[in-house]
Amino acid sequence: MKSQQLKEFLDAKAAYYDQPAFVPGDPVSIPHRYTKLQDIEIAGLFAAILAWGNRTTIINKCTELMALFDNAPYDFVRNHQARDRMRLMGFKHRTFNGLDLLYFVEFLQHYYTTITSLEFAFSGYMNSEDEDVRNALTGFHKMFFSLEHPERTRKHVSTPDRNSACKRLNMYLRWMVRDNKNGVDFGLWKHISPSQLICPVDVHVSRVAARLGLIPKAEANWKTAVELTEQLRLLDPKDPVKYDFALFGLGVIEKYV
């Protein structure tokens, strides 16, 4: 497929999936239940962190988690008492369990005591000249684990320093940063540019990207995520990650590979 044909093909697929109808069946539906900035940030973070496996199961587990937060995640994080933490211990999704959840809540309570938005846990580690969000992701990882924490929880927050594709955190950044004009992403964070985002890459996206000739082979790591995003910037320098919708839709929904 020639470059212009590829752009037209992916533009059409991105426009098809980047619509309100995409929301109900996707984990992004969890933060869409809220209107307050901090509720959206917290619900979005958990929805992204728990986003592996069947999408219906992910949504159900996130719904269960929000119920444990009395469907008011920010208020729970800020004001819960020690006795409230006990009910979190029974939560489990795959390898994410109650011990991990308790640390996430502890970090968020500590963070929101002095800072009003989770945006600065990412944007505070980068500047407008940065080509991408690598520094934001490595900075967030260091900040997140700056408190005393269970060693097992480290596997749930990825970092480019380990050559991880950081798929779930890149998806979270997409939700928070990209414009909300199509009703899927939120566009709430203004200190990171959509042009700096890195495309979320998992096995499905990498297989589609390799088949389309965007990357040399299907791998899910940081190097591949950067290479793919560089190719997508050639198609749309200002908003390369809009093509996440196209690649995801082709791989997961249309079984293009």
Pair R87-D70, salt bridge (charged side-chain N to carboxylate O under 4.0 Å, His left out): steps then yes or no: CA-CA 11 Å; R87 70 189 192 214; D70 299 320; 2.9 Å; yes
As an exercise, state the distance from [atom1] of [X] to [atom2] of [Y], rounded to the nearest 0.5 Å.
{"X": "L214", "Y": "E230", "atom1": "CG", "atom2": "CD", "answer": "12.0 Å"}
{"X": "D39", "Y": "D75", "atom1": "CG", "atom2": "CG", "answer": "8.5 Å"}
{"X": "R174", "Y": "I198", "atom1": "CZ", "atom2": "CD1", "answer": "14.5 Å"}
{"X": "N135", "Y": "T138", "atom1": "CG", "atom2": "OG1", "answer": "5.0 Å"}
{"X": "D239", "Y": "S193", "atom1": "CG", "atom2": "OG", "answer": "9.0 Å"}
{"X": "L99", "Y": "E151", "atom1": "CG", "atom2": "CD", "answer": "11.5 Å"}

Please tell me whether E227 and Q231 have a donor and an acceptor in their side chains that are separated by less than 3.5 angstrom. no
Indicate whether any N or O donor in one side chain lies under 3.5 Å from an N or O acceptor in the other, for E41 and Y112. yes
Are any non-hydrogen side-chain atoms of [X] and [Y] less than 4.5 angstrom apart?
{"X": "L173", "Y": "V133", "answer": "yes"}
{"X": "K7", "Y": "L234", "answer": "no"}
{"X": "I30", "Y": "L50", "answer": "no"}
{"X": "T159", "Y": "R162", "answer": "yes"}
{"X": "E219", "Y": "S206", "answer": "no"}
{"X": "M176", "Y": "L118", "answer": "no"}
{"X": "H156", "Y": "R152", "answer": "yes"}
{"X": "L212", "Y": "F9", "answer": "yes"}

Walk me through it: do N170 and L137 pass the test side chain to side chain contact (heavy atoms under 4.5 Å, CB included)? CA-CA 8 Å; N170 280 320; L137 294 172; 3.5 Å; yes
Can you tell me if [X] uses its side chain to pair, donor with acceptor, with the backbone of [Y] under 3.5 Å?
{"X": "E119", "Y": "H191", "answer": "yes"}
{"X": "D11", "Y": "A14", "answer": "no"}
{"X": "S158", "Y": "S164", "answer": "no"}
{"X": "N127", "Y": "D130", "answer": "yes"}
{"X": "E106", "Y": "L101", "answer": "no"}
{"X": "D185", "Y": "G187", "answer": "no"}

Can the positive tip of K61 be found less than 6.0 Å from the middle of the six-membered ring of F91, inside 45° of the ring normal? yes
Ring of F186, cation from R178 - is the NZ or CZ under 6.0 Å from the centre and inside 45° of the axis? no
For [X] and [Y], take the angle between the two ring planes, folded into 0 to 90°, and tell me which bin it lands in: parallel under 30, tilted 30 to 60, perpendicular over 60.
{"X": "F140", "Y": "F107", "value": "perpendicular"}
{"X": "F46", "Y": "F69", "value": "tilted"}
{"X": "W175", "Y": "Y172", "value": "perpendicular"}

Honestly curious: do [X] and [Y] fall in one hydrophobic cluster under the side-chain, below-4.5 Å linking rule?
{"X": "W222", "Y": "W52", "result": "yes"}
{"X": "V203", "Y": "L250", "result": "no"}
{"X": "L102", "Y": "L147", "result": "yes"}
{"X": "L228", "Y": "F248", "result": "no"}
{"X": "I58", "Y": "M171", "result": "no"}

Going through the checks in order, is the side chain to side chain contact (heavy atoms under 4.5 Å, CB included) test met by S117 and L37? CA-CA 8 Å; S117 171; L37 168 65; 4.0 Å; yes
State whether [X] and [Y] are salt-bridged, where the test is any N-O pair (Lys NZ or Arg NE/NH1/NH2 against Asp/Glu carboxylate O) under 4.0 Å.
{"X": "R134", "Y": "D161", "answer": "yes"}
{"X": "K242", "Y": "D18", "answer": "no"}
{"X": "D179", "Y": "K238", "answer": "no"}
{"X": "K13", "Y": "E254", "answer": "yes"}

Surrounding NZ of K155 (heavy atoms of other residues, nucleotides or ligands, distance under 6.0 Å), is the total greater than 12? yes
Are there over 12 heavy-atom neighbours, none belonging to K223, within less than 6.0 Å of that residue's NZ? no
Which atom of [X] lies closest to which atom of [Y], heavy atoms considered:
{"X": "S195", "Y": "P240", "value": "CA-CD, 4.0 Å"}
{"X": "L10", "Y": "L235", "value": "CD1-CD1, 3.8 Å"}
{"X": "A220", "Y": "A165", "value": "C-CB, 3.9 Å"}

Could you walk me through whether I40 and K36 satisfy the side chain to side chain contact (heavy atoms under 4.5 Å, CB included) test, starting with their C-alpha distance in whole Å, then the side-chain angles of each, then the deciding distance to 0.1 Å, before giving a yes or no? CA-CA 6 Å; I40 293 170; K36 181 185 290 186; over 6 Å; no
Chi angles and distances behind the side-chain hydrogen bond (donor to acceptor under 3.5 Å, both in side chains) call for N221, T224: CA-CA 5 Å; N221 55 44; T224 299; 2.9 Å; yes
Going by ring pair (Phe, Tyr, Trp, His ring centres under 6.0 Å), F104 matches just one of F145, Y111, F96. Which one? F96
Could you go through T63 and R33, starting from their C-alpha distance and side-chain angles, then the distance that decides it, and tell me whether this counts as side-chain hydrogen bond (donor to acceptor under 3.5 Å, both in side chains)? CA-CA 10 Å; T63 298; R33 297 174 184 179; 2.9 Å; yes
Does the pair E131 and R233 meet the rule for a salt bridge (charged side-chain N to carboxylate O under 4.0 Å, His left out), with working shown? CA-CA 11 Å; E131 184 173 353; R233 285 198 188 103; 3.8 Å; yes
Yes or no on side chain to side chain contact (heavy atoms under 4.5 Å, CB included) for L169 and V157, after CA distance, side-chain angles and deciding distance? CA-CA 8 Å; L169 286 179; V157 180; 4.1 Å; yes
